[in-house]
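Just so you know, ligand 1 is whichever comes first in the structure, and atom 1 is the first atom listed for that ligand.
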Amino acid sequence: MVVDTRLFHWEYEPPPVEHEVFRVEGGVPLRGEVAISGAKNAALKLLAAATLTGERCRFTNVPEIEDVRVMVETLRDLGVVVDHPAPNVYEVASGDVEWLFVPLEAAAKMRASFILLGPLLARFGQVIMSNPGGDRIGRRPVNLHVDAMRALGAEIDYRNGYYFARAPGRLRGGEIRFPNVTVMGTENAMLAATLAEGHTVIRPAAREPEVDDLIAMLQKMGAEVERTAPDTIEIQGRRRLRGAEHSVVPDRIETGTFVIAAAVTGGEVILQGAPCDDLGAFLEVVTRMGVQVACGRDSIEVRGAPRGSGEYRACDVETAPYPGFATDLQPPTSVLLTQASGRSRLHETIFEDRLEWLSELARMGAALDVIDSHHATIDGPSRLHAATVEIGDLRAGASLILAALAADGTTTIHGAHHVRRGYENIEGKFVGLGARIERLAEGTVTAPA
Ligand code: EPZ
């Protein structure tokens, strides 16, 4: 199939996103129970994995979030049948994919659309992918993904913002060595290798729980894939895979976000369906700071110190690939650090722009110093106060909500759509715990009474 790329406008103007704000009245200790949803960073890859077979795949516990909606829309644009028979349930059938082109629109909305490169290339032998966009937390290149595909025999050219990928014949298994751990690079390589001819070894392979959830689904589909060492995944390619059913692993990042919410509001919250075992490094930090955490079989009970008590102890935080401290939990934890007595040092080792949002936190009264793009210090305890702030990325957005819940007064947070990309019904879950939060269309926010 020859795609006449002149048909596509290079300069792409994303549709105007719905401008929404969160309005939060702080100071209420959160109390009660909240159910943790399926993991965004598992669900998006599982939906992509379903294109490895023409048979139907059924997924449950899929979070109802904007990124899932974008992935479903992208799959349907490819000709993939996606049914949504019930909330949190999706069925995918990729029998008649007729259009192997992932447009700039999908990629501009969501970097994770790039996870389609491996499966579509392996199954159909060719695909055109737009260079992805994604969160504003760093350059976010995809060179390691492309290198991995070439290691499996693919030919990939890059022109005018698009990757043109072909696998003459069939992909061939091989040795994939990454210079650093890459989660989606590992996943793209693994997905492609399941249909490649021969044996593939991926090293260092990412160890995130969402990667193991994807391995579990692939094994149900008949793929020969196994984690043969903590940082090694090996695959023996098969000619074809079958349909399967899978429930998405719970979201450890959402879990950590609610742990911090309980801690900074001085509340008592039970997180149902929370994956305690996947949060080792994070729970070690928050308990060292003085948050009371009790892990049940699949729940976490959190008890926070009274707001403003200054009972929390300062703690240094350095992010690292799993099982290290998750970079996605660094922004929420930074809010707790503002409530700790003493100086905490932040070292963000994964992304170069993930500290930018701290300027918004400082506008709410946090005492902090961003030393460079990877280092900051936070002094506490600080009495946070209401402000009008702007969200730049998904995790910073959720963290500004946490700061607003802990602050005196009513905070207006612009850019609510960023948060809806990755948290299912976040304002509804907070309201269920007694928080005073509402999501409003821009312009309806009147000055706080
Ligand atoms: C995944 O991003 C997650 N996203 C991120 O969560 C998470 O923060 C990150 O892994 C943790 O490493 C999804 O799973 C959809 P990487 P990913 O490849 O795979 C560099 C969220 O909020 N790199 O592990 O894109 C990269 O710049 C998001 O849910 C290259 O240089 O991240 C980074 O410095 C944010 N070239 C490092 O590697 C590449 O080709 C690790 O990134 C790929 C990555």
Is the closest side-chain heavy-atom distance between [X] and [Y] below 4.5 Å?
X	Y	value
Arg207	Arg227	yes
Leu384	Val264	no
Asn188	Pro119	yes

Number the atoms of ligand 1 from 1 as they appear, then name those within less than 4.0 Å of a heavy atom of [X], with their elements.
X	answer
Arg354	8 (O), 22 (O), 35 (C)
Arg111	25 (O), 43 (C)
Leu394	22 (O)
Lys40	21 (C), 29 (O)
Asn41	3 (C), 4 (N), 6 (O), 13 (C), 14 (O), 15 (C), 21 (C), 29 (O)

**Study point:** Check ion pair Glu66-Arg69 (N to O, under 4.0 angstrom)
**Key:**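 Counted as a salt bridge, because a side-chain N and a carboxylate O are separated by less than 4.0 Å.
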
Exercise for review: Using a strict cut-off of less than 4.0 Å between a Lys/Arg side-chain nitrogen and an Asp/Glu carboxylate oxygen, indicate whether Glu318 and Arg345 qualify as a salt bridge.
Suggested key: no

Practice item. Mind telling me whether Tyr90 and His84 have parallel, tilted or perpendicular rings, with 30° and 60° as the class edges? Key: parallel

Of the listed options [options], closest to [atom] (non-hydrogen atoms):
atom	options	value
atom 20 (C) of ligand 1	Thr327, Thr349, Asn180, Ile115	Asn180
atom 28 (C) of ligand 1	Asp67, Leu44, Asp393, Asp328	Asp328
atom 10 (O) of ligand 1	Val146, Val183, Asp251, Leu329	Val183

Check your understanding: Between Arg395 and ligand 1, which residue portion shows a heavy-atom distance shorter than 4.0 Å: side chain, backbone, both, or neither?
Key -> side chain

Check your understanding: For ligand 1, which part of Lys45 has a heavy atom less than 4.0 Å away: the side chain, the backbone, both, or neither?
Key ->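 The side chain, only.
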
Check your understanding: Does Tyr158 have any ring pair (Phe, Tyr, Trp, His ring centres under 6.0 Å) partners at least two apart in sequence or in another chain, and if so, which?
Key -> Tyr163

Exercise for review: Consider every N or O of Ile350 and every N or O of ligand 1, then say whether any pair is closer than 3.5 Å.
Suggested key: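 Min N/O separation from ligand 1 is below 3.5 Å for Ile350.
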
Check your understanding: N/O of Glu208 under 3.5 Å from N/O of ligand 1, yes or no?
Key ->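 N/O-N/O distance below 3.5 Å does not exist for this pair.
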
Point to revise | Pro141 near ligand 1 by a heavy-atom separation under 4.0 Å | key: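 Under 4.0 Å: yes for Pro141.
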
Check your understanding: Is it true that Val181 lies under 4.0 Å from ligand 1, counting heavy atoms only?
Key -> yes

Review point. Excluding sequence neighbours, so at least two apart, what forms disulfide (SG to SG under 2.5 Å) with Cys276?
Key: Cys295

Practice item. Check for a donor-acceptor pair, side chain of Thr53 on one end and backbone N or O of Leu241 on the other, with a separation under 3.5 Å. Key: yes

